[in-house]
Amino acid sequence: MEFLNELNESQRKAVEYIDGASLVIAGAGSGKTRVLTYKIAYLLKKGIHPTSILALTFTNKAAREMKERIASMVGEKTARYLWMGTFHSVFSRILRAEADKTDFSKNFSIYDSSDSNSLIKSIIKDLKLDEKQYKASQVHARISFAKNNLITPETYRTNADLAKADLYSKMPRLVDIYEIYSQRCKQADAMDFDDLLLQTNLLFRNRPDVLQKYRDAFSYILVDEYQDTNFAQYLIVRKLSEEHQRICVVGDDAQSIYSFRGANIDNILKFRNSYTNTQVFKLEQNYRSTQNIVNAANSLIDKNSEQIRKTVFSEKETGKPIKILNTFTDLEEGVVVAENINHLKFSQNFSYKEIAILYRTNSQSRVLEEALRKKGIPYRIYGGLSFYQRKEIKDVIAYCRLVVNHNDEEALKRIINVPARGIGDTTVAKLLDCARTQAVSVWDVLNDMLAYNLQVNAGTATKLANFRKVISVFAAQTETLNAYELMLQIVKVSGIINDTYVDKSPEAMSRQENVQELLKAVHEFCEQKTKAGETALLTDFLSEVSLLTDQDTGDDGESEKITMMTVHAAKGLEFRAVFIVGMEEDLFPSAYSLDSDRSLEEERRLFYVAITRAEELCFISYSKTRFRNGKTNMSNPSRFIRDIDPQYLDAPSERPETRWKESADWDEDFEFERKSFQRDSFKPRPVENTYVQPRKNLTKVGDAHLQTSKQIIENKNLPVGAFVKHAVFGIGKVLETTVTDGNEKAEIDFGEKGKKSLLLKFAKLELL
């Protein structure tokens with residue numbers, strides 16, 4: 001097996017061990033995907049049948065890339081029979097195959113978050129609950145938590161602790177919503193993402209024969225990103241592997257950052273407790289980043305107590321230290337980041353697509369976007385509205401879902417009047433009410449409106465009958481037409497494609513292009529399936545599309561743009577240069593993480609993930625003031641910056657004795673910095689070395705720039721570019737000053753408060 005010579009010693013040992021349970025701890029950039037890929041190829045070369053191998057990932061993209069690489073080593077005919085995919089795709093496949101043993105049909109729909117939230121909103125409305133108190137997204141999150149911990153509505157109702165938690169959250173009837181939500185999903189023959197795991201666990205629990213069938217089927221089980229698994233995923237894997245114990249899990253506890261989704265770091269920390277004679281392999285060589293970046297990340301994560309210790313190292317060049325950028329305001333932070341990006345682009349030969357800006361929360365992007373636009377720097381927001389979340393695409397998909405599953409109520413509600421066919425909200429409400437009263441599906445009511453005594457006039461009844469007929473005609477073709485042929489019929493006959501040609505606006509043109517792109521995607525899907533000798537029916541396409549993740553539907557990375565995203569979204573990606581912005585207390589780490597050591601350690605792991613996305617250069621910025629929650633607040637630099645060994649940092653030294661201090665000492669430095677900040681910070685400045693840093697000329701107390709606002713008003717010389725503070729609008733930047741009839745007026749940008757034109761004699765501004 002010559003391909004094993006491509007591995008380093010640690011990787012090769014991990015690949016060749018196949019006699020029992022193994023835990024592969026893979027440091028950032030250490031080649032964990034290669035180990036998984038080569039291990040599967042190694043098993044196949046050893047004669048293990050591909051259908052006996054179950055490989056679980058967290059994205060379809062990862063599974064696809066691994067499968068393509070395996071195919072290049074062992075041949076496509078062999079690789080095609082592997083059970084490889086995401087947890088949700090693999091177990092949805094099992095649930096469809098075993099549908100006769102569940103409460104669902106083999107054509108069940110899969111609800112995404114918007115479908116689930118829509119259903120929850122309607123339940124809250126039906127129960128006449130306060131929509132502000134019972135926010136659909138929060139209710140959905142609590143239901144998701146319950147399902148990921150295998151808590152059914154029946155169990156939830158008997159749990160006193162959950163009842164107390166709901167009472168504390170002012171949602172005492174959450175259990176009622178959960179119960180009705182589950183009932184409505186069953187009635188609609190639909191599962192949400194969490195159901196795919198819950199229902200698989202219930203299937204294995206209730207049908208030991210089915211569990212044994214898949215235990216016997218899968219001789220080897222491999223799991224990627226094991227640190228991200230939740231309890232439901234852990235238990236499925238445990239049940240399937242506990243007899244033969246030929247399981248290999250790969251992950252990095254230092255990159256466990258998804259507890260808010262239910263991920264449990266204990267799954268990887270305590271893996272050895274679940275399997276006897278577990279072999280542990282550590283992949284410690286980082287092939288991605290420079291030595292300085294790796295060493296800085298090591299010194300940071302070393303502060304965590306909950307971890308499996310390893311020593312990650314790099315044999316790449318030493319590289320530059322991590323640059324710390326400190327600014328006075330978040331507005332200036334955006335400008336400084338943009339200036340550094342332009343320097344990398346035009347002086348260091350970086351392309352825009354090789355650069356990323358990472359932030360803790362999505363709300364931070366606005367100021368950064370403005371700064372990039374002003375500098376003419378193209379950017380994209382990663383994890384924004386994906387292709388399959390666009391309205392026209394969801395409309396077409398909803399038609400397809402209703403065609404294969406007539407009971408899909410959310411799909412029916414979405415497209416019963418799309419394009420407009422005179423079926424209004426009142427009629428839909430009557431349909432829903434009739435279905436609830438009769439305890440049947442809405443489709444049942446449409447099939448026999450007279451029998452169910454639907455109270456609509458003759459004209460409306462005709463419109464409803466015509467809609468039902470259109471869907472029924474499509475349904476009759478599901479077994480004779482492939483996915484592309486049938487979807488083409490749907491977009492033409494339904495009128496959706498014609499609806500996009502109503503006008504020539506850019507928005508309408510974009511909708512046309514999106515529908516055409518969807519048809520192209522379906523066509524490619526059919527070609528791939530046909531080539532592989534598999535079916536390419538509409539149900540097959542829907543099964544694949546409904547399980548796409550953000551990374552599967554994101555930008556292909558080829559466009560020449562800066563990438564902006566949250567740190568959570570950046571996991572698994574890498575860039576030549578990374579800017580980590582907003583490194584301030586209560587922002588990163590988040591204020592919500594300060595209530596426990598465990599939460600704080602996860603925030604530190606999140607920062608570790610951010611740093612290790614960088615290949616060559618890493619910048620960390622923080623601002624002394626930031627506009628948050630409707631006002632400008634003073635900020636302290638993040639404690640995590642002090643966790644990094646100073647020898648790996650290029651930190652500003654405004655005072656000879658500058659050093660990283662405990663947070664209580666930062667206030668003194670902040671006052672010093674505030675007084676030394678100059679009005680020319682936003683003017684063009686020469687670039688020195690590789691980095692651009694705000695100019696900090698220290699001035700004497702008697703300097704004219706530090707006069708009081710009263711003196712400035714009297715002298716009528718408020719400088720353009722200065723920062724001022726207003727009692728109502730907060731901190732702003734002076735854009736322009738004019739004098740009319742002896743009265744000086746200033747145009748000031750107050751950030752989120754907008755631009756204001758103020759008379760100085762009344763404004764009572766304080767110059768900063």
Side-chain angles (χ1 to χ4, degrees), residues 323-386 550 554-570 573-584 587-588 610 613-628 680-687 690-695 721 723 731-733 735 749-755:
K323 180 68 178 178
I324 306 296
L325 305 173
N326 64 339
T327 59
F328 186 65
T329 70
D330 49 352
L331 293 173
E332 189 198 2
E333 180 183 45
V335 172
V336 170
V337 167
E339 288 178 345
N340 275 283
I341 287 172
N342 266 344
H343 178 67
L344 293 178
K345 168 72 173 176
F346 298 111
S347 299
Q348 300 294 316
N349 296 318
F350 278 64
S351 65
Y352 284 139
K353 68 180 180 181
E354 294 176 316
I355 304 169
I357 301 174
L358 309 183
Y359 35 77
R360 180 64 180 82
T361 64
N362 280 307
S363 62
Q364 293 170 250
S365 72
R366 187 193 64 81
V367 171
L368 294 160
E369 288 183 69
E370 288 182 3
L372 295 177
R373 283 197 297 267
K374 287 177 181 177
K375 293 288 183 182
I377 299 174
Y379 66 89
R380 68 183 180 112
I381 304 292
Y382 189 96
L385 189 66
S386 70
D550 288 343
D555 193 288
D556 60 9
E558 294 303 314
S559 56
E560 180 58 12
K561 296 178 181 179
I562 295 292
T563 300
M564 297 175 62
M565 69 183 98
T566 64
V567 183
H568 281 103
L573 304 177
E574 55 190 50
F575 303 88
R576 280 186 70 192
V578 169
F579 291 80
I580 309 168
V581 299
M583 284 305 302
E584 298 140 29
L587 183 55
F588 202 170
R613 298 312 93 199
E615 297 173 353
E616 296 179 24
L617 297 176
C618 183
F619 300 78
I620 296 171
S621 70
Y622 64 88
S623 172
K624 298 297 180 67
T625 64
R626 185 171 298 275
F627 191 88
R628 295 179 68 195
D680 62 352
S681 292
F682 278 80
K683 292 182 180 179
R685 58 181 73 86
V687 176
T690 306
Y691 311 116
V692 181
Q693 183 76 294
R695 189 177 292 160
F723 284 88
I731 293 176
K733 177 187 173 186
L735 302 177
D749 185 353
F750 287 102
E752 293 192 5
K753 294 288 187 179
K755 295 177 182 178

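Keep in mind it's a predicted model, so treat the numbers as computed, not measured.
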key: Residue list, side-chain contact (heavy atoms from CB on, under 4.5 Å) with Glu615, at least two apart or on another chain   = Arg288, Glu574, Arg576
key: Note, Asp330 side chain near Tyr622 side chain (heavy atom, < 4.5 Å)   = no
ask   = Atom NZ of Lys345 and atom CD1 of Ile377: how far apart are they, to the nearest 0.5 Å?
value = 10.0 Å
Residues in side-chain hydrogen bond (donor to acceptor under 3.5 Å, both in side chains) contact with Thr361, at least two apart in sequence or another chain = Ser363, Gln364
ask   = Which atom names give the shortest non-hydrogen contact between Ala569 and Tyr382, and what distance separates them?
value = O-CE2, 3.9 Å
inquiry  = Do Thr329 and Phe627 have side chains that approach each other closer than 4.5 Å (heavy atoms only, starting at C-beta)?
reply    = no
note = Between the CG atom in Asn342 and the OH atom in Tyr352, the distance rounded to the nearest 0.5 Å is 4.5 Å
Salt bridge (Lys or Arg N to Asp or Glu O under 4.0 Å) partners of Lys374, counting only residues at least two apart = none
message = Can you tell me how far apart CG (Leu325) and CD (Glu332) are? Round to the nearest 0.5 Å.
response = 10.0 Å
inquiry  = Testing the basics here: between Gly582 and Leu587, what is the closest heavy-atom pair and its distance to 0.1 Å?
reply    = O-CD2, 3.4 Å
remark   = Heavy atoms of Cys618 and Ile580 approach each other most closely as SG-CD1, 3.9 Å
request  = Working to the nearest 0.5 Å, report the span between OG of Ser351 and NZ of Lys561.
outcome  = 14.0 Å
message = Measuring only between side-chain heavy atoms, which start at C-beta, is Thr327 closer than 4.5 Å to Lys624?
response = no
Residues Thr563, Arg380; criterion side chain to side chain contact (heavy atoms under 4.5 Å, CB included); working and verdict = CA-CA 5 Å; Thr563 300; Arg380 68 183 180 112; 3.3 Å; yes
All side-chain contact (heavy atoms from CB on, under 4.5 Å) counterparts of Ala577, not counting sequence neighbours = Leu344, Phe350, Ile355, Leu617
remark   = OG of Ser347 to CG of Asn340, rounded to nearest 0.5 Å, is 10.5 Å
query = Can you list the steps and then say if Phe588 with Val581 is a side chain to side chain contact (heavy atoms under 4.5 Å, CB included)?
reply = CA-CA 9 Å; Phe588 202 170; Val581 299; over 6 Å; no
query = Of the non-hydrogen atoms in Asn349 and Glu354, which two are nearest, and what is the gap between them?
reply = O-OE1, 4.4 Å
query = Which pair of heavy atoms, one from Val337 and one from Ser621, lies closest together, and at what distance?
reply = CG2-OG, 4.4 Å
ask   = Is there side-chain contact between Leu372 and Met564, with heavy atoms separated by less than 4.5 Å?
value = yes
inquiry  = Show the nearest heavy-atom pair for residues Ala338 and Ala371, with the distance to one decimal.
reply    = CB-O, 4.0 Å
message = I'd like to check the salt bridge (Lys or Arg N to Asp or Glu O under 4.0 Å) partners of Arg626; sequence neighbours left out, ordered by chain and number.
response = Glu333, Glu584
ask   = Between CG of Leu368 and CD1 of Ile357, what distance do you get to the nearest 0.5 Å?
value = 5.5 Å
query = Got Thr566 and Tyr359 here, is their nearest side-chain heavy-atom distance under 4.5 Å?
reply = yes
request  = Kindly write out the residues that satisfy side-chain hydrogen bond (donor to acceptor under 3.5 Å, both in side chains) with Tyr379, not counting sequence neighbours, or none if the list is empty.
outcome  = Glu369, Arg373
request  = Report the relative orientation of the aromatic rings in Phe723 and Phe328; use parallel for angles under 30°, tilted for 30 to 60°, perpendicular for over 60°.
outcome  = perpendicular
inquiry  = Checking Phe575 now: which residues fulfil ring-ring contact (aromatic ring centres under 6.0 Å, His included) with it, not counting sequence neighbours?
reply    = none
